[in-house]
K.L.:
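If you scroll down you'll find the structure; I have some questions about it.
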Protein chains: 2
Amino acid sequence: MSEHHLATDPTLPEPAELNAIFERAEMRDLYRISYLANALVLPVYDGIKHDFGLTRGEYLLIFCLAHLPVLTAQDVARMSKRPRNTISRAVHRMLAEGFIDRALDPEDGRQARLTITDKGRALHRTVVRRWLAREAEALAVLDDAERAALDRILQKLVTHAADLPE
Amino acid sequence: MSEHHLATDPTLPEPAELNAIFERAEMRDLYRISYLANALVLPVYDGIKHDFGLTRGEYLLIFCLAHLPVLTAQDVARMSKRPRNTISRAVHRMLAEGFIDRALDPEDGRQARLTITDKGRALHRTVVRRWLAREAEALAVLDDAERAALDRILQKLVTHAADLPE
DNA sequence: GACATTTAGTTCCATTTGGAACAAAATGGA
DNA sequence: TCCATTTTGTTCCAAATGGAACTAAATGTC
């Protein structure tokens, strides 16, 4: 096995050894959460873009409006922690596609009230199936107790994170 | 409270009500994981870019090399589930900055063996403090048992996710 | 009521991003 | 040995991204 590889030692890791980083990372949980978002969530967004032509920000806008009846662009920016200009662009493209409606607020000339259309809701229903399928794949390794624990803990983290600075 | 707002009903949500989406989202866990990655992780990357001029992909490269002694660019792409061209660019910029070294593999002319330099390791040590601080803030709402549970569950999810398609 | 400050939304611009096509090296058959 | 296939890494290009500066409307202060 070892015959004068000194110049190139240590050896390159086997594919399976690459997972060692999950245990060695100093910020274990943050690193894993970030990895999971990449590995689980981004492929779904890729599929959404491929099949429906929506970017991440555009779909997020529809998703928010599918769960809260009226929102301003600012609301969406706050909910998704994304810059306002991204949302602004998404609003105009989703308007053009007929997925959302927009009504100037008669009581505050600055803001506009955004709502989802039937077409937008139909899109949402279709896409949600993909999310649920992906989630089921991902959570397949967990038993019921673990799922319940994860659910409870994530909810705590998420409401706390919403209050953190930056 | 209600005096002829019919044209603009229903009312816009209060800021606190925006969190309702965490409970209404069909793919609760996936949505929360994605949100946490945005809310917790991206601000740290912003700080890294601001203070050290490294993009997310560039820092990830250094981070991987800080935990595994030798890697190819392909290894890093697989570990981080990012496209190879992104890593390729990061390699050359981090070489120019002196954070990593690169040695052509004498046994396989296609690949190059990447290692971290002392300068890279010093950067890593500095940046890790930010990650740990952010993680501590985020996990402050959890008790010890919850942290242990989260740790165990995330490890399960992460190793499973590494095997999922896409 | 005039004026500074805040807030919602948009536009501009430079950077980042990733898919696709590519060259070079290695591998696997026949 | 020869040729098809796979693998590593790179370049090209079009799209997405986000910071900063801006307009317009609302709010707060004197």
Side-chain angles (χ1 to χ4, degrees), chain A residues 12-15 18 38-39 41-61 70-96 100 102-114 166, chain B residues 8 12-15 18 38-39 41-43 45-61 70-96 100 102-114 166:
Chain A
L12 286 165
E14 294 299 309
L18 298 178
N38 268 309
V41 174
L42 293 191
V44 179
Y45 280 124
D46 288 346
I48 293 171
K49 175 182 285 176
H50 181 267
D51 296 336
F52 306 104
L54 299 196
T55 68
R56 179 177 183 154
E58 287 161 2
Y59 175 70
L60 263 176
L61 170 63
V70 199
L71 293 171
T72 66
Q74 184 75 287
D75 288 334
V76 178
R78 278 199 265 262
M79 288 169 73
S80 55
K81 296 225 174 188
R82 325 196 128 272
R84 296 194 309 281
N85 57 3
T86 299
I87 310 291
S88 174
R89 268 184 301 241
V91 165
H92 289 290
R93 265 187 284 188
M94 293 305 91
L95 275 174
I100 67 172
R102 185 174 184 273
L104 295 176
D105 190 325
E107 297 175 2
D108 187 333
R110 294 168 302 177
Q111 64 193 12
R113 301 161 51 89
L114 307 172
E166 274 152 312
Chain B
T8 57
L12 286 166
E14 295 298 311
L18 299 178
N38 268 310
V41 174
L42 292 192
Y45 280 125
D46 289 346
I48 292 171
K49 174 182 286 175
H50 181 267
D51 296 336
F52 306 104
L54 299 196
T55 68
R56 177 176 184 155
E58 288 162 0
Y59 175 70
L60 262 176
L61 169 63
V70 199
L71 294 171
T72 66
Q74 183 75 285
D75 288 333
V76 178
R78 278 199 265 262
M79 287 169 73
S80 56
K81 297 228 174 186
R82 321 195 132 271
R84 295 194 308 284
N85 58 3
T86 300
I87 309 293
S88 174
R89 266 183 305 241
V91 165
H92 289 291
R93 264 186 285 187
M94 293 305 92
L95 274 175
I100 67 172
R102 185 174 185 271
L104 295 176
D105 190 324
E107 296 175 1
D108 187 333
R110 293 169 303 179
Q111 64 193 12
R113 301 160 53 87
L114 307 172
E166 276 154 312

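Only heavy atoms go into these numbers, but all of them, side chains included; no hydrogens, no water, no symmetry mates. Labels below follow one simple rule: chain letters A, B, ... track the order of the sequence lines, proteins then strands, and each chain is numbered from 1. Nothing here was measured: the structure is a model prediction, and the numbers come from that model.
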K.L.:
Tell me whether the side-chain N or O atoms of A:Arg110 pair up with the base of C:dG9 as donor and acceptor below 3.5 Å, since no angle test is needed here.
P.N.:
no

K.L.:
Which heavy atom of B:Ile87 sits nearest a heavy atom of B:Ala73, and at what distance?
P.N.:
CG2-O, 3.7 Å

K.L.:
Mind calculating the distance between CD (A:Glu107) and C1' (C:dA8) to the nearest angstrom?
P.N.:
16 Å

K.L.:
In whole Å, I'd like the distance from the CG atom of B:Asp75 to the C1' atom of D:dG9.
P.N.:
13 Å

K.L.:
What is the distance, rounded to the nearest whole Å, between atom CG of B:Leu42 and atom P of C:dT17?
P.N.:
11 Å

K.L.:
Check whether the side chain of B:Asn85 and the base of C:dG19 form a donor-acceptor pair under 3.5 Å.
P.N.:
yes

K.L.:
Starting at atom CE of A:Met94, determine the distance to atom C1' of C:dT10, rounded to an integer number of angstrom.
P.N.:
17 Å

K.L.:
If you check every side-chain atom of B:Lys49, which of D:dT11, C:dA8, C:dT16 has the closest atom?
P.N.:
C:dT16

K.L.:
Whole-Å distance between D:dT6 C1' and B:Gln111 CD?
P.N.:
13 Å

K.L.:
Taking 4.0 Å as the cut-off, does a side-chain nitrogen or oxygen of A:Arg56 come that near to OP1 or OP2 on D:dG18?
P.N.:
no

K.L.:
Looking at CD of A:Gln111 and OG1 of A:Thr72, how far apart are the two atoms once the value is rounded to the nearest 0.5 Å?
P.N.:
5.5 Å

K.L.:
Could you pick out which residue, A:Gly53 or A:Gly109, lies toward the 5' side of DNA chain D when each is mapped onto its nearest nucleotide?
P.N.:
A:Gly53

K.L.:
So does A:Arg84 reach the base of D:dG18 with its side chain, donor to acceptor, closer than 3.5 Å?
P.N.:
no

K.L.:
Out of C:dT10, C:dG9, D:dA25, which has the shortest distance to the side chain of A:Asp108?
P.N.:
D:dA25

K.L.:
Taking all heavy atoms of B:Val70 and all of A:Pro13, pick out the closest pair and write down the distance.
P.N.:
O-CD, 3.2 Å

K.L.:
Please report, rounded to the nearest Å, how far the C1' atom of C:dT17 is from the NZ atom of B:Lys81.
P.N.:
19 Å

K.L.:
If you take all heavy atoms of A:Tyr45 and A:Leu60, which pair is closest and at what distance?
P.N.:
OH-CG, 3.7 Å

K.L.:
Please tell me which of A:Asp46 and A:Val91 maps to the more 5' nucleotide of DNA chain C, matching each residue to the nucleotide holding its nearest heavy atom.
P.N.:
A:Val91

K.L.:
Please confirm whether the backbone N or O of B:Arg84 pairs with a side-chain atom of B:Ser88, one donor and one acceptor, at under 3.5 Å?
P.N.:
no

K.L.:
I want to confirm an ordering. Mapping A:Gly57 and B:Thr72 to their closest nucleotides on DNA chain D, which one lands closer to the 5' end?
P.N.:
B:Thr72

K.L.:
With a 3.5 angstrom cut-off on both distances, give the Watson-Crick or G-U wobble partner of C:dC3, or none if there isn't one.
P.N.:
D:dG28

K.L.:
D:dG18 phosphate, OP1 or OP2: any side-chain N/O from A:Thr86 under 4.0 angstrom?
P.N.:
yes

K.L.:
Output, in order, the C-alpha distance, side-chain angles, deciding distance and verdict of side-chain contact (heavy atoms from CB on, under 4.5 Å) for A:Glu58 and A:Ile48.
P.N.:
CA-CA 10 Å; A:Glu58 287 161 2; A:Ile48 293 171; over 6 Å; no

K.L.:
For B:Arg102 and D:dG9, give me the distance from atom CZ to atom P, rounded to whole Å.
P.N.:
8 Å

K.L.:
C:dG9 C1' sits how many Å from A:Leu114 CG, rounded?
P.N.:
11 Å

K.L.:
Looking only at side-chain atoms of B:Arg82, point me to the closest of D:dG19, C:dG18, D:dT10.
P.N.:
C:dG18

K.L.:
Going by modelled atom types, is there a donor-acceptor pair between the base of C:dG18 and the side chain of B:Arg89 at under 3.5 Å?
P.N.:
yes

K.L.:
Is the phosphate of C:dT15, meaning OP1 or OP2, less than 4.0 Å from a side-chain N or O of B:Arg93?
P.N.:
no

